[in-house]
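Computed from a predicted model, the values in this text were never measured in an experiment. A note on names: the letters A, B, ... follow the listed sequences, proteins ahead of strands, and every chain is numbered from 1.
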There are 4 protein chains.
Amino acid sequence: MINTTSKRAILLETSLELFVDQGIQKTSMALISEKSQVAVGTIYHHFKSKEELIEGVYLEILESLGKHIAFTHEEEQLDFKSRFDLLWRKGYDYYTQFPNRFRFHDTYSYSPLISNQLREYARGYYQVAFDLIQEGIREGMLINTNPVLIMRWLYNSLSTIIQIKLNHEFEVTEDMVSTTLEMAWKSLTYK
Amino acid sequence: MINTTSKRAILLETSLELFVDQGIQKTSMALISEKSQVAVGTIYHHFKSKEELIEGVYLEILESLGKHIAFTHEEEQLDFKSRFDLLWRKGYDYYTQFPNRFRFHDTYSYSPLISNQLREYARGYYQVAFDLIQEGIREGMLINTNPVLIMRWLYNSLSTIIQIKLNHEFEVTEDMVSTTLEMAWKSLTYK
Amino acid sequence: MINTTSKRAILLETSLELFVDQGIQKTSMALISEKSQVAVGTIYHHFKSKEELIEGVYLEILESLGKHIAFTHEEEQLDFKSRFDLLWRKGYDYYTQFPNRFRFHDTYSYSPLISNQLREYARGYYQVAFDLIQEGIREGMLINTNPVLIMRWLYNSLSTIIQIKLNHEFEVTEDMVSTTLEMAWKSLTYK
Amino acid sequence: MINTTSKRAILLETSLELFVDQGIQKTSMALISEKSQVAVGTIYHHFKSKEELIEGVYLEILESLGKHIAFTHEEEQLDFKSRFDLLWRKGYDYYTQFPNRFRFHDTYSYSPLISNQLREYARGYYQVAFDLIQEGIREGMLINTNPVLIMRWLYNSLSTIIQIKLNHEFEVTEDMVSTTLEMAWKSLTYK
DNA sequence: TATGAATGAGGATTCATTCAT
DNA sequence: GATGAATGAATCCTCATTCAT
């Protein structure tokens with residue numbers, strides 16, 4: 001049983017790497033089999049189809065992200081701005097720690113390979129972010145516009161700095177990261 | 001001669017549509033041939049390979065964008081904030097007018113299907129934006145951080161609202177658009 | 001396991017036949033698949049490419065020839081002329097028994113479809129012949145000229161009579177075969 | 001008219017070179033067009049099809065060979081052995097002077113790309129050789145075996161030394177050439 | 001569960017040939 | 001005659017998926 005879990009994990013990890021490096025469609029099941037040292041037939045024991053494997057990768061990323069950004073009981077007690085910063089930083093940490101997960105999410109989350117239904121379902125994993133945004137609006141801390149817009153805006157602010165970091169376009173200093181966070185905050189608050 | 005030009009244009013347009021609707025890799029040359037009413041062999045007469053066709057689509061979009069966002073001589077005379085707004089609005093107009101071009105750019109510009117070299121080359125088409133950003137920093141109108149970061153930030157601000165509009169997640173009002181623009185401006189200026 | 005071996009053999013045999021009958025290039029993989037009752041994909045399971053299949057046919061022929069012409073321990077004891085005749089006869093037998101193998105070798109062994117490297121490698125299979133030639137020269141039984149020249153000369157002597165036999169240009173009698181062998185011997189010896 | 005002739009000649013020469021270098025089937029009409037600087041359509045003005053172009057190359061070679069090996073009136077007066085040597089030498093000269101013609105003939109004259117009918121027809125070009133052989137048999141200068149066998153034997157003797165020369169397997173000295181000629185003569189005569 | 005040989009539809013690309021200019 | 005854009009059948013090869021072991 002432990003082995004099974006492990007094979008599934010190996011497959012997800014190998015697939016993620018190949019998907020990101022050469023694109024999902026160029027990555028054949030045979031290649032995944034070879035790189036992961038798992039027979040093709042075995043892959044199909046764990047995932048009914050390539051589509052399900054892709055979905056598996058997607059969900060794994062979001063589930064893991066969800067766990068990473070969840071607030072502890074203590075953190076829940078912090079004031080709004082602190083939680084806002086904390087959430088953003090947690091997202092930044094997560095994607096920085098797992099660059100391939102970021103790349104996958106950034107490239108494929110809006111591609112035709114991920115169904116709307118799945119995207120919808122995955123929203124649950126970052127409900128915490130939505131809740132925070134809605135609280136902010138309700139309490140007058142954030143500007144009163146559509147939460148979906150704010151959600152995307154926040155993701156894009158994260159994405160901006162992480163893309164630069166991963167593409168090595170120039171060195172990203174801690175200063176720059178906090179600048180970016182401040183840009184996000186400033187743009188979402190009144191004056 | 002007119003026909004030749006026209007065939008190339010038809011191919012680019014049809015390809016763009018199919019690429020965006022079903023993904024580049026799922027779009028076969030045979031399908032492009034069928035939808036565009038141009039024989040497969042003829043496609044290869046105009047584009048050496050599928051790869052070159054993809055690049056053609058990419059460059060066409062950016063070249064056309066470049067023309068659209070260029071400032072007229074009169075516009076050049078406007079003050080910084082006016083030009084900042086104008087550029088953002090032009091980008092918004094362009095992508096709103098050509099939704100498929102936006103979708104293509106947003107989905108594929110950072111995928112492995114577009115080479116770094118090509119991306120580099122295409123940068124020339126939106127040099128205008130870079131110039132404006134650099135002027136803003138120099139003149140103290142924009143915060144003093146890396147222009148590439150600001151460039152991406154601006155693109156992401158545009159992308160945020162356009163994605164929502166195109167995905168019909170909710171109705172996007174003119175009010176919302178100007179709010180987004182203001183968010184971008186506010187985040188990039190001192191106080 | 002037996003089936004696997006068998007499929008490879010069937011493919012080599014079918015390919016040989018088609019290559020000889022209609023030319024290598026006119027023989028499509030689809031046709032080989034059809035005639036051999038082996039799916040196209042399966043062919044590629046056994047041979048990475050058409051090129052490798054061609055090489056497989058070539059090597060199979062030479063390897064089998066090599067086994068056929070090898071001297072037994074007893075034969076090794078015979079005098080030079082006997083072994084010379086024996087080798088030539090063995091070659092004649094082999095190619096007469098497997099006409100397609102002769103045709104393939106005769107048509108393609110010096111075509112651009114067989115790489116120099118492969119040709120070089122295959123030389124090992126008829127090292128026996130080279131050894132005999134060198135012994136003959138050393139012992140003064142054969143004229144003292146380059147062994148490669150003699151090797152080719154011998155092959156061409158064989159080829160002459162087999163071509164005629166296979167093309168049915170006229171009936172080839174045992175008398176004619178031994179005449180040809182004597183022509184070869186006479187031309188390679190002093191007086 | 002002079003230009004026309006010239007284009008035809010250029011096409012034949014270019015085709016020959018490409019056929020020999022990469023194989024007939026791998027040589028596309030487009031490539032011939034490019035290398036010869038003659039538009040594709042123009043090729044089809046001179047040759048109805050690729051097949052006819054191949055035949056053109058084949059016939060050109062044999063016709064030219066025929067002219068080269070023809071005896072002058074004076075040469076006709078020489079004794080048999082002298083004419084035998086002369087003919088062999090002329091063949092050797094011709095193919096040495098035009099290596100590609102040799103390679104083409106050697107590779108393709110017995111391939112399925114040259115029809116039996118054409119081969120038959122081309123025989124006329126080297127009738128001179130047949131005549132000499134038949135005279136030799138009649139006069140008791142050559143062994144009494146089938147002339148076709150002798151014809152092939154002679155061609156193969158030529159081919160042996162030319163192949164070695166062209167493949168640069170080792171340096172071919174004049175000594176070696178005359179040795180080869182002597183081998184051919186010795187093998188075809190009584191004692 | 002695990003394996004990997006077998007499958008054949010489908011993909012990108014080539015190419016001999018035609019034809020309007 | 002000369003040109004080269006246009007054609008679409010045919011080619012080599014890939015690949016998701018199945019299944020007997």
Side-chain angles (χ1 to χ4, degrees), chain A residues 1 3-4 7-8 24-34 37-54, chain B residues 1 3-8 11 25-34 37-54, chain C residues 1 3-8 11 25-34 37-54, chain D residues 1 3-4 7-8 24-34 37-54:
Chain A
M1 211 178 283
N3 274 331
T4 298
K7 283 223 165 147
R8 202 188 130 91
I24 288 183
Q25 312 240 23
K26 262 205 167 176
T27 302
S28 65
M29 296 302 267
L31 184 59
I32 294 171
S33 157
E34 191 190 315
Q37 296 284 24
V38 173
V40 181
T42 309
I43 301 182
Y44 280 86
H45 275 293
H46 293 275
F47 302 94
K48 264 207 326 245
S49 64
K50 189 180 181 183
E51 198 185 332
E52 207 170 81
L53 173 57
I54 297 168
Chain B
M1 212 177 288
N3 273 332
T4 299
T5 309
S6 154
K7 285 235 160 132
R8 204 189 127 91
L11 285 169
Q25 315 237 27
K26 265 206 167 176
T27 302
S28 68
M29 296 304 267
L31 184 60
I32 295 172
S33 158
E34 191 189 315
Q37 295 282 29
V38 171
V40 180
T42 309
I43 303 182
Y44 281 88
H45 211 77
H46 291 275
F47 302 93
K48 267 210 314 252
S49 62
K50 188 178 181 183
E51 197 184 332
E52 209 171 79
L53 173 57
I54 296 167
Chain C
M1 212 177 286
N3 274 331
T4 299
T5 310
S6 154
K7 285 235 159 132
R8 203 189 130 91
L11 284 170
Q25 315 237 29
K26 266 206 166 175
T27 303
S28 67
M29 297 302 267
L31 184 60
I32 295 172
S33 158
E34 191 189 315
Q37 295 283 30
V38 172
V40 179
T42 309
I43 303 182
Y44 282 89
H45 210 78
H46 291 276
F47 303 93
K48 269 209 315 247
S49 63
K50 189 179 182 184
E51 196 185 333
E52 208 171 81
L53 173 57
I54 296 168
Chain D
M1 210 177 289
N3 274 333
T4 299
K7 284 226 164 145
R8 201 189 131 90
I24 288 182
Q25 312 241 23
K26 263 205 167 176
T27 303
S28 67
M29 298 302 269
L31 184 59
I32 295 171
S33 157
E34 190 190 317
Q37 296 284 25
V38 172
V40 181
T42 309
I43 301 181
Y44 279 86
H45 275 295
H46 291 276
F47 302 93
K48 265 208 321 249
S49 63
K50 189 181 182 184
E51 198 185 333
E52 208 171 79
L53 173 57
I54 297 168

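For the pair D/Ile32/D/Lys50, no side-chain contact is recorded, criterion being any heavy-atom separation below 4.5 Å from C-beta on.
In this structure, CD in D/Gln25 is found 7.0 Å from CD1 in D/Ile54, a value given to the nearest 0.5 Å. Atom CG of B/Leu11 and atom NE2 of B/His45 lie 12.0 Å apart (nearest 0.5 Å).
Per the geometry, CZ belonging to A/Arg8 stands 13 Å off P belonging to E/dA2, to the nearest Å. Look at NZ on B/Lys7: it is 6 Å from C1' on F/dA6, rounded to the nearest Å. In this structure, B/Phe47 places its CZ atom 12 Å from P of F/dA6, rounding to the nearest Å. The interatomic distance linking B/Leu53 (CG) with E/dG11 (P) rounds to 15 Å, in whole Å. One can place CD1 of A/Ile43 at 12 Å from C1' of F/dC15, the figure rounded to the nearest angstrom. Spacing between atom CD of B/Gln37 and atom P of F/dG8 amounts to 10 Å, rounded to whole angstrom units.
Counting only Watson-Crick and G-U wobble pairs whose two distances sit under 3.5 Å, DNA chain E takes part in these stems of three or more pairs: E:2-21 with F:2-21.
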*Reading 5' to 3' through nucleotides 13-21 of chain E, protein heavy-atom contacts under 4.0 Å coded B for base, S for sugar-phosphate only, - for none*: BBSSBB---

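Side-chain nitrogen and oxygen atoms of D/His46 include none within less than 4.0 Å of the OP1 or OP2 phosphate oxygen of F/dG1.
Here D/Ser33 pairs with D/Val40, D/Ile43 under the side-chain contact (heavy atoms from CB on, under 4.5 Å) rule; sequence neighbours left out. For the side-chain contact (heavy atoms from CB on, under 4.5 Å) test, residues two or more places apart in sequence or in another chain that qualify with D/Glu34 are D/Leu31. Taking C/Thr42 as the reference, C/Lys7, C/Val38, C/Ala39, C/His46 meet the side-chain contact (heavy atoms from CB on, under 4.5 Å) condition, with sequence neighbours excluded.
Other residues, nucleotides and ligands contribute only 12 or fewer heavy atoms inside 6.0 Å of the CD atom of D/Glu51. Shown here is A/Glu52, whose CD atom has more than 12 heavy atoms of other residues, nucleotides or ligands within 6.0 Å.
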